[in-house]
Amino acid sequence: MSDSANFEKLHKGVKRWIWNQKWASLRDIQEEAIVPILNADSDVIISASTAAGKTEAAFLPACSKIVDQNPDGIGILYISPLKALINDQYRRLQGLCDILDISVTPWHGDVSRSLKLKQQRNPNGILLITPESLESLLLNQGSWTLKAFSNLCYIIIDEFHEFIGSERGCQLQSLMHRLEFLLQKTIPRIALSATLGDMEQVADYLRPNHKIPFKIIESTASHSDLKIQLRGYLSPHEQNEEVPSSFEKITNDLYSILRGKSHLVFANSRARTEDIAVTLSDLCEKSFVPNEFFPHHGSLSKEIRESLEARLQKESLPTTAVCTLTLELGIDIGKVTSIAQVTAPHSVASLRQRLGRSGRRGEPSILRLFIPEQEITKSSHLLDRLRVHTVQCIAMINLLLKKWYEPAPTNQYHLSTLVQQTLSLIGQYGGVHATQLWALLCESGPFSSIDQPLYVAFLRALGEKDLITQASDGQLILGAKGERLVGHYSFYTAFKTPEEYRLEYHGKILGSVPIDKPLVESQQIVFAGKRWEVKSIDHEGKLIILKKAKGGSPPTFSGDGLFVHDIVRQEMRRVYHNRSIPIYLDEEAKSIVYEGFEYYHALNLDDIQVFQSGKTVFIAPWLGDQITNTITILLKLNGLLASCFGGFIEITNSTTDEVHDVIRNIIESPKLTATEIANYIPDTILEKHDYFLPKAIRDIGYGARSFNIDGAYSCLNDIAK
DNA sequence: GACCTGCTGCGGATTG
C-alpha cells in the first residue's frame, strides 16, 4: 500500500481488513473515492464495469467515517434494485463489518420478521434495502424512520444505471428527497454505476435540484480485448424437411460451439429463450450426453433461477444459460467464456452490459451474434431485402466500439408515480396541504415538469376518484378508496405487474404465465426448458397443473415494444452508404449484407427518402422509433393509411405525389403538440395508476413519453425540401 | 417484435 496516498486516511480497522485481503494495492476508483467520501460534502458517482471493486470503493471510506463518528442509529443506507444483490452484498460485507464491529442488516420482502424487529428495536450500522421496502418504512413508520436515520451519514445506491429514466427511478428520487425532508438535512449520495454514457446526466438524475456539488470517479482501467463474430443464417423461403430452417442451423451451431464450457445465450424474448433451451437440451439427449443448457427468465420460479445461478457460480460443470435480460443485471454468477446473441440486440447499452459478463481473468471477451434473415423472393419485403437486422447489428457494434450508449429519456412526467408519491406522503403525515405537497414533490422534488395549475387539476382528479378528500381545516387526507389502495401491500411498487397463472408439476411451482394469454387443457407447451402437457386449469386459484409430454412450443408471454434510438438508425445509414463489410462477418453474413448494400444503392436511398413500390409508398426517415412513430401518426391524422415497422413508414394505396402533398400540408399547418397528438390515441393507460387520471391529464404524460414533435417536424421539413 | 424489478400485518398453529 506504499503507493497509496490516501490509504492512511482510512480507519485502522478498515486498513486491517485490507491487509487481511492481501491486496497488493487499491484499485484506481478505490483510491480516488477515499477523500471525497470522507469529506462527505458532495455526492459521488463511482463508475466502472462489473467486478472492478465499486462496492469496496464506496464502503471502505464510508465505514471508516461511521466507525470514527460512531453515530447513534443507522449510519449508511444502501439501496439496491434487486433482493438477490442485497443478499450478495450482505455476505460480502460481513468480514469488514465484523472487524469494525458494526452491524449489517438486509431489509426486503424475503427477510424474516425477527431480523427486522431486532433492527427496529436497536437501529444501527448499515441497512441494505429495496426502494419498495423504504417506501413502506416512510409510509408506515415515519416516526421510527426519523429517529433511526437521524444520524445517517450516506445513502449508497447500487446499479444506479438500472434506475435512470424509469418509474422506479423516479420513485427512488422521490424517496431520497422525502427522507432528506423528514431529517431536515442533506445526506451525501453515492451512486455505483456501470460506465454507460454521459456521466453528467447521471449526476443530474442523482440529485435533480443540485443542492450540493458532485464528484465523478470513473475507472481508467481499460476493458479486456474483445473478439466479435457475426454469423448470418438464411431461412429458406419454403419450409421443407430437407432444407433446415435458420433456427435449426443456429441451434445446431450453438450446440457444437458452446458445449463443454460455460456461456450465456441472449435470445431477446422469453418464448425464444425457451425454444432454444429445449432444442439444445433435446440435442444433448439425442447424443446421450448430460444436458448443460438451461433457460433463465423472469417468468421462471425463483428456485429454478437460483439453482441455475448457483450452478454457474460453482464453475464445476459446463453450463450454458439461455436467458433474457435477467442475467444482464448484477447478480453474481462469475464470468463465462463467451456471449452468444441470437437476433439483433435492442440497444447498445444492453449489448455492452452483456459483454461485461464474459472474459475470465486476462481472457478476451467473446461475442458471437447469430442473425437470421429471410431468403429473397419476388414478394420479399423491403426490410428483408435491405437486410436491416444484420445492418443494425453492425451499426450497434460500431457504436459500441466508439463507446456511445443510448442516453436515458428526460423530461418525463411520471404521473402514475406522482399518484403513488402523493398518496404515500398523505398517508405518512396523516394530512397535508396541497401547497406543501407541490412544494415537496414538484418544486424541489423530482416531478419538476409539473407546474402548480397542473398539480391542482391532478389533485382534483384524485378527489373525484375518492382517493383523497379535503378535511375541514383544508388539509388533504386519504379518501376511502385511497385508504384501501395505500393499505394493501401492492402499493409499494411504482411499476405495474400483470396477473398471472402459476404452473405446477408434482406440487412444485415452475413459474408463471400471463393471464391474458391463456393456455387450454391438453395443450402442449415448453417451459423451464422441458416439454409439458396442460393436465388441468384451476381458474379460481389461478393454477395450471402440468404433466410431462414430448411435443409443444413455448407459451405466449406479454410485453411492450422497445425503442431503437435515432443514433443507431443514422449509423445504419452510414453503414449502407460506406458499403464497408466488417471483417468479423462470416461468409454467409458477408453475402447477406452485400445483398442489402446492393438493394440500398439500387433504390438510391442515399438521396431519396420517399419512394414507391406498387401501390405502397415507403418513407425512410433513418431515425429512431419515437420520431418514426410520431411521423406515422401525423400522416394518419391527415388521412393516409400509414404504419411503421423497423424504422420504415409504409403507406398503402397511395402515391409519392399524394404523400408529398400531405407532408407539405402538415408542415404548413399549425404545429401540433405532443399532448394534442396523444388526444387522438384512444387508449393512453400505460402505467400503474394512469387509470385514476382523466384522459386530458394522462395525455400530457403519454405525449411526452411517446412522441418527439420537434424531431418529427424537422424530418418532414427535410423531406419537403 | 416485445426485457426486468417488488411487497405488510395479522391471525393461528406449532414448537421449545
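Letters go in sequence order (proteins before strands), and every chain restarts at 1.
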| said: I need the full list of salt bridge (charged side-chain N to carboxylate O under 4.0 Å, His left out) pairs touching residues 484-503 of chain A, with sequence neighbours left out, sorted by first then second residue. | reply: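 Salt bridge (charged side-chain N to carboxylate O under 4.0 Å, His left out) check on residues 484-503 of chain A returns A/E499-A/K542.
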| request: Would you list the pairs meeting salt bridge (charged side-chain N to carboxylate O under 4.0 Å, His left out) in which at least one residue belongs to residues 127-140 of chain A, sequence neighbours left out? | output: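 Pairs touching residues 127-140 of chain A that pass the test: A/E132-A/R168, A/E135-A/R178.
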With sequence neighbours excluded, tell me which residues meet salt bridge (charged side-chain N to carboxylate O under 4.0 Å, His left out) with [X].
X: A/R354; answer: A/E328
X: A/R573; answer: none
X: A/R387; answer: A/E373, A/E595
X: A/K83; answer: A/D110

| task | Just call it for A/R272: base, sugar-phosphate, or nothing, with non-hydrogen atoms closer than 4.0 Å on any strand. | result |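 It contacts sugar-phosphate atoms only.
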Starting at [atom1] of [X] and ending at [atom2] of [N], how long is that distance when rounded to a whole Å?
X: A/F266; N: B/dC4; atom1: CZ; atom2: P; value: 11 Å
X: A/Q341; N: B/dC3; atom1: CD; atom2: P; value: 13 Å
X: A/E309; N: B/dC4; atom1: CD; atom2: P; value: 13 Å
X: A/H381; N: B/dG1; atom1: NE2; atom2: P; value: 12 Å
X: A/L300; N: B/dC3; atom1: CG; atom2: P; value: 13 Å
X: A/F163; N: B/dC4; atom1: CZ; atom2: P; value: 17 Å
X: A/H297; N: B/dT5; atom1: NE2; atom2: C1'; value: 16 Å
X: A/E162; N: B/dC3; atom1: CD; atom2: C1'; value: 11 Å

| query | Salt bridge between A/R91 and A/D88, side-chain N to carboxylate O under 4.0 Å? | reply |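 Counted as a salt bridge, because a side-chain N and a carboxylate O are separated by less than 4.0 Å.
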| request: Could you tell me which residues satisfy ring pair (Phe, Tyr, Trp, His ring centres under 6.0 Å) with A/W622, sequence neighbours excluded, listed by chain and number? | output: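 Counting only residues at least two positions away or on another chain, A/W622 forms a ring pair (Phe, Tyr, Trp, His ring centres under 6.0 Å) with A/Y576, A/Y600, A/F648.
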Tabulate atom names and distances for all N/O pairs under 3.5 angstrom spanning the protein and nucleotides 6-8 of chain B.
residue, atom, partner, partner atom, Å
B/dG6, OP1, A/K83, N, 2.4
B/dG6, O3', A/T130, OG1, 3.4
B/dC7, OP1, A/G109, N, 3.1
B/dC7, OP1, A/T130, OG1, 2.6
B/dC7, OP1, A/S133, OG, 2.8
B/dC7, OP2, A/G109, N, 3.1
B/dC7, O2, A/Y489, O, 2.7
B/dC7, O2, A/S490, N, 3.3

| message | Distance alone, cut at 3.5 Å: any donor-acceptor contact between the side chains of A/E687 and A/H689? | response |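 No donor-acceptor contact under 3.5 Å links the two side chains.
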Between the protein and nucleotides 12-16 of chain B, which nitrogen or oxygen pairs come in under 3.5 angstrom?
none

